[in-house]
Amino acid sequence: MPFRLLISLGLLCALLPLHHGAPGPDGSAPDPAHYRERVKAMFYHAYDSYLENAFPFDELRPLTCDGHDTWGSFSLTLIDALDTLLILGNVSEFQRVVEVLQDNVDFDIDVNASVFETNIRGEGCSLGPLKEKRSAFQTPTGMPYGTVNLLHGVNPGETPVTCTAGIGTFIVEFATLSSLTGDPVFEDVARVALMRLWESRSDIGLVGNHIDVLTGKWVAQDAGIGAGVDSYFEYLVKGAILLQDKKLMAMFLEYNKAIRNYTRFDDWYLWVQMYKGTVSMPVFQSLEAYWPGLQSLIGDIDNAMRTFLNYYTVWKQFGGLPEFYNIPQGYTVEKREGYPLRPELIESAMYLYRATGDPTLLELGRDAVESIEKISKVECGFATIKDLRDHKLDNRMESFFLAETVKYLYLLFDPTNFIHNNGSTFDTVITPYGECILGAGGYIFNTEAHPIDPAALHCCQRLKEEQWEVEDLMREFYSLKRNRSKFQKKTMSSGPWEPPTRPGILLSPENHDQARERKRAKQKVPLLSCPSQPFTSKLALLGQVFLDSS
């Protein structure tokens, strides 16, 4: 869609940072090694500032060099940064932080917490809070409340209105939990919530922004791909990949058709009324910049690149992405001029660079490093940019800066990182139940950029009771068949058969259950454990780890 640029060339030059390491006359791309080290330095400047000035608070306040709690007092920034340490290769600090978190963070506290935020950011993964989070799904529709008390469950006066993303962003983490714990309830409630949203879509195939989880009626009927909806679409794709679930992918592809038909204009995506398809907000939101990366996951590279380049023009205009950008006017929206160091455009650049190798994507990474350091860096970390027009700063560094922004930048410039493994190398692990493969790649990032290794998930899953019982019964059946044949031959010549008493004896029916219980207790893999797993493969749900006795 055509738009007017309401900014003078002089101001534009002032806003855009100088690009050290920019492509030379020969058109060469930015040097990945140079920017990889710059990104690592960015991480440690922010990380060390948090530890020195803000820990154990949730977040760093970089302008006053202190901390504050934002999501429940769980040392959130440290939790969110955990797997970034591993991706940067700092195994010793990773191990130290795991011990610190185990010893100091308690999730069983009387705190009201966002069900969505605690899920994606990695808090509340002990079984107590998980039970309370699960209670949020106990509604007539199966769609969860937005907030839950980690000790007491849903408050009596809790609002029933939840955003679409707050309902549809659980299948990746909850299916992982079900696989690791053997308790299907987590995956079940996440699937029910997804299906209720699917059944609530409009006749033209769109979903709105907020819905009443008690009645199933849409409260906000704006349809788009951005704030309030974004990660619902993301999790249909990633859930389909992680679980090899064709139904989830089919649901997304149907949504994708409706999104193209009603919200896409000249490779931009607008907001429309979910029942009529008429434009309600001709804006681009910075949160929508994840979309090209998501499109790359389904192989739609051409459309993804065209949309990415639109978004990149906004970045180059301001040195960052404003929260809202009016597409027809080509400028920021009042009171939405800030950039809180969000990762979404960098995330898309990382995915698209892996798919195409296009050096334009490295240029975005270069611009991001230069802009953030020039505008946002202060003595105690990196500050949110309150207004991209004049570069005023706000006293906050959100945890996703270390969990996502820095991580995606580093991975963009680190093509040999183990996260990018294409299956050419892997670790073979011998478990009590056979051989399995780990670290072969194919990591699935949750929406907070915490990676899950599908191979580790399969290897370390806790088998369901029914599967164990079937295996035990089959062993007993074949053992019975073998021994019966053997002993029948013996009794023909030497009188009546009596049960043998040596090792490997057949058991009388009344002892079968006791033996099966003893065998099951001995055979099961401990919860969240994978014997002999190399430490670099121990990425799992939301930055948690599979810990062995060593």
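No experiment lies behind these values; they were computed from the predicted model shown. Numbers here are sequence positions counted from 1.
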- [ ] Calculate, to the nearest 0.5 Å, the distance between atoms CG and CG belonging to L82 and L101 respectively.
- [x] 6.5 Å

Open item on the list: Measuring from atom CD of E337 to atom CZ of F318, what distance do you get when rounded to the nearest 0.5 angstrom?
Closed with: 9.5 Å

Open item on the list: Could you check whether any side-chain N or O of N326 sits under 3.5 Å from a backbone N or O of G330, counting only pairs where one atom can act as donor and the other as acceptor?
Closed with: no

Task: Contact check, side chains of V111 and L151, non-hydrogen atoms, under 4.5 Å - done: no

- [ ] Starting from the C-alpha separation in whole Å, work towards a yes-or-no answer on side-chain contact (heavy atoms from CB on, under 4.5 Å) for W271 and I225.
- [x] CA-CA 8 Å; W271 288 83; I225 61 171; over 6 Å; no

- [ ] Just jot down the side-chain hydrogen bond (donor to acceptor under 3.5 Å, both in side chains) partners of D222, sequence neighbours excluded, or say none.
- [x] S280

Open item on the list: Regarding D183 and T181, do their side chains bring together a donor and an acceptor under 3.5 Å, going by distance alone?
Closed with: no

TODO: Would you check if the side chain of T447 reaches a backbone N or O of S231 as a donor-acceptor pair within less than 3.5 Å?
DONE: no

Task: Straight-line distance of T64 OG1 to N395 CG, nearest 0.5 Å - done: 4.0 Å

Task: Minimum heavy-atom distance A304-L352, with the two atoms named - done: CB-CD2, 3.8 Å

Open item on the list: Checking D212 now: which residues fulfil side chain to side chain contact (heavy atoms under 4.5 Å, CB included) with it, not counting sequence neighbours?
Closed with: P160, L214, T215, V219

Task: Non-hydrogen atoms of D83 and A449 that approach each other most closely - done: OD1-O, 4.3 Å

Open item on the list: Looking at K386 and D394, is there a salt bridge between them, counting it only when a charged N and a carboxylate O are closer than 4.0 Å?
Closed with: no

Open item on the list: What I want to find out is whether R342 reaches E323 closely enough, with some N-O distance under 4.0 Å, to be called a salt bridge.
Closed with: yes

Open item on the list: For the CD1 atom of I204 and the CE atom of M274, what is their distance to the nearest 0.5 Å?
Closed with: 8.0 Å

Task: Nearest-0.5 Å distance that lies between atom NZ in K238 and atom CD in E234 - done: 3.5 Å

Task: R61 and E59 ion-paired at < 4.0 Å - done: no

Open item on the list: I'd like to know if the side chain of T164 reaches the main chain of G208, judged simply by a donor and an acceptor atom lying under 3.5 Å from each other, with no hydrogens or angles considered.
Closed with: yes

- [ ] Begin from the C-alpha positions of E398 and R396 and carry the test salt bridge (charged side-chain N to carboxylate O under 4.0 Å, His left out) through to its verdict.
- [x] CA-CA 6 Å; E398 296 206 45; R396 187 175 185 186; 3.6 Å; yes

- [ ] Give the minimum heavy-atom separation between S348 and P292, together with the two atoms involved.
- [x] OG-CD, 3.6 Å

- [ ] Could you tell me which non-hydrogen atom of G381 sits nearest to which non-hydrogen atom of S49, and how far apart they are?
- [x] N-OG, 3.3 Å

Open item on the list: Let's go through E117 and L76 carefully: what are the C-alpha distance in whole Å and the side-chain angles of both, what is the deciding distance for side-chain contact (heavy atoms from CB on, under 4.5 Å) to 0.1 Å, and is it a yes or a no?
Closed with: CA-CA 11 Å; E117 294 290 350; L76 175 58; over 6 Å; no

Open item on the list: Run the side-chain hydrogen bond (donor to acceptor under 3.5 Å, both in side chains) test against Y269 and tell me which residues pass, sequence neighbours left out.
Closed with: W291

- [ ] For this output row, return yes or no: ring centroids of Y255 and Y232 closer than 6.0 angstrom.
- [x] yes

TODO: Can you sort out the partners of T141 under side-chain hydrogen bond (donor to acceptor under 3.5 Å, both in side chains), two or more places apart, ordered by chain and number?
DONE: T139

Open item on the list: Let's go through K276 and D203 carefully: what are the C-alpha distance in whole Å and the side-chain angles of both, what is the deciding distance for salt bridge (charged side-chain N to carboxylate O under 4.0 Å, His left out) to 0.1 Å, and is it a yes or a no?
Closed with: CA-CA 9 Å; K276 301 176 182 178; D203 291 340; over 6 Å; no

TODO: Mark yes or no for whether N209, through its side chain, and Q221, through its backbone, hold a donor-acceptor pair below 3.5 Å.
DONE: no

Open item on the list: Parallel, tilted or perpendicular: which one describes the rings of F308 and Y312, with boundaries at 30° and 60°?
Closed with: tilted

Task: Any donor-acceptor pair under 3.5 Å from T162 side chain to I167 backbone - done: no

TODO: Answer yes if the ring centres of Y410 and F43 are under 6.0 angstrom apart, and no otherwise.
DONE: no

Open item on the list: Please confirm whether the ring centroid of F382 lies under 6.0 Å from the ring centroid of F401.
Closed with: yes

Task: Test of ring centre spacing under 6.0 Å for Y339 and W315 - done: yes

Open item on the list: Applying side chain to side chain contact (heavy atoms under 4.5 Å, CB included), can you list everything that pairs with R354, at least two apart in sequence or on another chain?
Closed with: M350, P415, H420

- [ ] Please say which of Q317, Q285, E288 ends up in a side chain to side chain donor-acceptor pair (under 3.5 Å) with Y325.
- [x] Q317

TODO: For the residue pair S376 and L341, establish whether any side-chain heavy-atom pair is separated by less than 4.5 Å.
DONE: yes

- [ ] Could you pull out the closest heavy-atom pair between P451 and F445, with the gap in Å?
- [x] CB-CE2, 3.9 Å

Open item on the list: Please verify the inter-ring angle class for W268 with Y311; under 30° counts as parallel, over 60° as perpendicular, anything in between as tilted.
Closed with: tilted

- [ ] Could you tell me whether the side chain of S114 reaches within less than 4.5 Å of the side chain of W71, counting heavy atoms only?
- [x] yes

- [ ] Go through E404 and K407 one step at a time and tell me if the salt bridge (charged side-chain N to carboxylate O under 4.0 Å, His left out) criterion holds.
- [x] CA-CA 5 Å; E404 300 183 74; K407 182 183 295 169; over 6 Å; no

TODO: Answer with yes or no whether the side chains of Y235 and E173 bring together a donor and an acceptor at under 3.5 Å.
DONE: yes

Task: Nearest-0.5 Å distance that lies between atom CG in N310 and atom CZ in F284 - done: 9.0 Å

Open item on the list: For D58 versus G72, what's the shortest heavy-atom pair and its separation?
Closed with: OD2-N, 3.2 Å

Task: Ring centres under 6.0 angstrom apart (F137, Y145) - done: no

Task: Residue list, side chain to side chain contact (heavy atoms under 4.5 Å, CB included) with S200, at least two apart or on another chain - done: I211, W218

- [ ] Quick one: do L206 and R201 satisfy side-chain contact (heavy atoms from CB on, under 4.5 Å)? Show the steps, please.
- [x] CA-CA 5 Å; L206 298 173; R201 69 194 188 284; over 6 Å; no

Task: CD (E199) with more than 12 external heavy atoms under 6.0 Å - done: yes

Open item on the list: Students often mix this up, so state it plainly: with edges at 30° and 60°, are the rings of Y408 and Y351 parallel, tilted or perpendicular?
Closed with: tilted

Open item on the list: Can you see whether N149 engages N112 through a side-chain donor-acceptor pair at a distance of less than 3.5 angstrom?
Closed with: yes

Task: Salt-bridge criterion met for E254 and K257 (N-O under 4.0 Å) - done: yes

Open item on the list: For T77 and S399, which I'm curious about, is there any donor-acceptor pair between the side chains at under 3.5 Å?
Closed with: no

Open item on the list: Can a donor-acceptor pair be found, under 3.5 Å and without considering hydrogens, that links the side chain of N155 to the backbone of E158?
Closed with: no

Open item on the list: Ignoring hydrogens and geometry beyond distance, is a side-chain donor-acceptor pair present between T278 and Q273 at under 3.5 Å?
Closed with: no

Open item on the list: Could you go through L51 and L78, starting from their C-alpha distance and side-chain angles, then the distance that decides it, and tell me whether this counts as side-chain contact (heavy atoms from CB on, under 4.5 Å)?
Closed with: CA-CA 8 Å; L51 290 181; L78 197 58; 3.9 Å; yes

